[in-house]
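Everything below concerns the one structure shown next.
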Amino acid sequence: MSEATERFFASLPARAASVLRSPIAGTLQIDLTDGNRTGHWFVTLAPGSAQVTRQEQRPPDAVLTVSTRLFEKLVTGEEAGMAAVLRNEATFSGKVALFLVFRRFLPDRPGVRDPRETAREHARRSV
């Protein structure tokens with residue numbers, strides 16, 4: 001397991017209050033594959049809180065399966081989560097809303113800007 005991945009999971013509980021504002025709740029199982037081995041992480045999300053464990057507490061509401069190599073790129077901002085799923089480099093099953101909420105924890109790729117902010121800047125310049 002890479003240091004970036006360990007740091008990412010360790011940071012989730014502290015970041016949850018600012019990231020998780022929607023009423024979505026549930027447990028996301030993240031399966032990190034590396035050859036014949038699979039590591040499991042369980043992230044329980046609720047409004048304003050996230051709990052991370054390596055032990056299954058209850059059956060997950062959703063499962064994200066991704067290679068350890070790609071997941072490291074996701075947590076460092078080198079790749080985008082939704083793009084990886086759409087390219088079928090990562091698979092997802094279960095409660096889709098959990099993945100959509102979880103990806104808010106993932107950093108944006110360098111140079112990526114929110115289109116709403118770009119539009120606001122354009123509107124300010126044209127006034």
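Note that this is a predicted model, so its numbers are computed, not measured.
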Going through the checks in order, is the side chain to side chain donor-acceptor pair (under 3.5 Å) test met by Glu78 and Thr76? CA-CA 6 Å; Glu78 294 177 48; Thr76 58; 3.2 Å; yes

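- Scored by the ring pair (Phe, Tyr, Trp, His ring centres under 6.0 Å) test, Phe42 finds no partners at all (sequence neighbours excluded).
- Atom CG of Leu45 is separated from atom CD of Gln51 by 9.5 Å, given to the nearest 0.5 angstrom.
- Note on Val96 and Val43: same hydrophobic cluster, where clusters join Ile, Leu, Val, Met, Phe, Trp and Tyr whose side-chain heavy atoms are under 4.5 Å apart, directly or indirectly.
- When the side chains of ILVMFWY residues are joined at heavy-atom separations under 4.5 Å, either directly or via intervening members, Val19 and Trp41 end up in a single hydrophobic cluster.
- Ser22 and Arg104 make their closest contact through OG-NH1, 3.9 Å (heavy atoms, listed as atom of the first residue, atom of the second, distance).
- Salt bridge Arg69/Glu89: absent, no basic N to carboxylate O contact under 4.0 Å.
- Separating the CG atom in Leu64 from the CG atom in Leu28 is a distance of 6.0 Å, to the nearest 0.5 Å.
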Check step by step if side chain to side chain donor-acceptor pair (under 3.5 Å) holds for Glu72 and Ser2. CA-CA 7 Å; Glu72 184 171 338; Ser2 77; 3.3 Å; yes

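- Leu86 and Ile30 fall within the same hydrophobic cluster, defined by Ile, Leu, Val, Met, Phe, Trp and Tyr side-chain heavy atoms under 4.5 Å apart, directly or through other members.
- Taking CG from Leu98 and CZ from Arg103, the interatomic distance works out to 13.0 Å, rounded to the nearest 0.5 Å.
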Run the side-chain contact (heavy atoms from CB on, under 4.5 Å) test on Val63 and Asp31 for me, step by step, so that the C-alpha distance in whole Å, both residues' side-chain angles and the decisive distance to 0.1 Å come before the verdict. CA-CA 7 Å; Val63 178; Asp31 292 342; 3.6 Å; yes

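- Nearest heavy-atom pair across Pro13 and Ala10 is CD-O, 3.5 Å.
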Criterion side-chain contact (heavy atoms from CB on, under 4.5 Å) on Phe99 and Val85, from CA distance to verdict: CA-CA 10 Å; Phe99 174 67; Val85 170; 3.7 Å; yes

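- The two residues Leu70 and Ala84 make their nearest non-hydrogen contact at CD2-CB, 3.8 Å.
- Taken to the nearest 0.5 Å, the CZ atom of Arg125 stands 7.0 Å off from the NE2 atom of His122.
- Nearest heavy atom pair, residue Leu106 against residue Gly81, reads CD1-CA, 4.4 Å.
- Rounding to the nearest 0.5 angstrom, the gap separating the CG atom in Leu20 from the CZ atom in Phe102 is 10.5 Å.
- Contacts of Arg120 classified as side-chain hydrogen bond (donor to acceptor under 3.5 Å, both in side chains), with partners at least two apart in sequence or in another chain: Glu117.
- Summarising the local packing, CZ of Arg37 is surrounded by 12 or fewer heavy atoms from other residues, nucleotides or ligands at distances under 6.0 Å.
- Thr44 and Thr27 make their closest contact through OG1-OG1, 3.1 Å (heavy atoms, listed as atom of the first residue, atom of the second, distance).
- Taking the centre of each ring, Phe105 and Phe9 stay at or above the 6.0 Å mark.
- Within the 4.5 Å cutoff, the side chain of Val66 has heavy atoms near those of the Leu32 side chain.
- Listed for the Arg21 side chain is no donor-acceptor partner under 3.5 Å among the backbone atoms of Gly48.
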Go through it in stages, so that I can follow the logic: the residues are His40 and Glu56, the test is side-chain contact (heavy atoms from CB on, under 4.5 Å), and I'd like the CA-CA distance, side-chain angles, deciding distance and then a yes or no. CA-CA 9 Å; His40 306 285; Glu56 183 175 5; over 6 Å; no

Test salt bridge (charged side-chain N to carboxylate O under 4.0 Å, His left out) on Glu121 and Arg116; report intermediate values, then the result. CA-CA 9 Å; Glu121 287 177 14; Arg116 294 169 293 194; over 6 Å; no

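- Here the CZ-CD distance, from Phe8 to Glu3, works out to 15.0 Å after rounding to the nearest 0.5 Å.
- Taking each heavy atom of Val75 and Pro107 in turn, the nearest pair found is O-CG, 3.4 Å.
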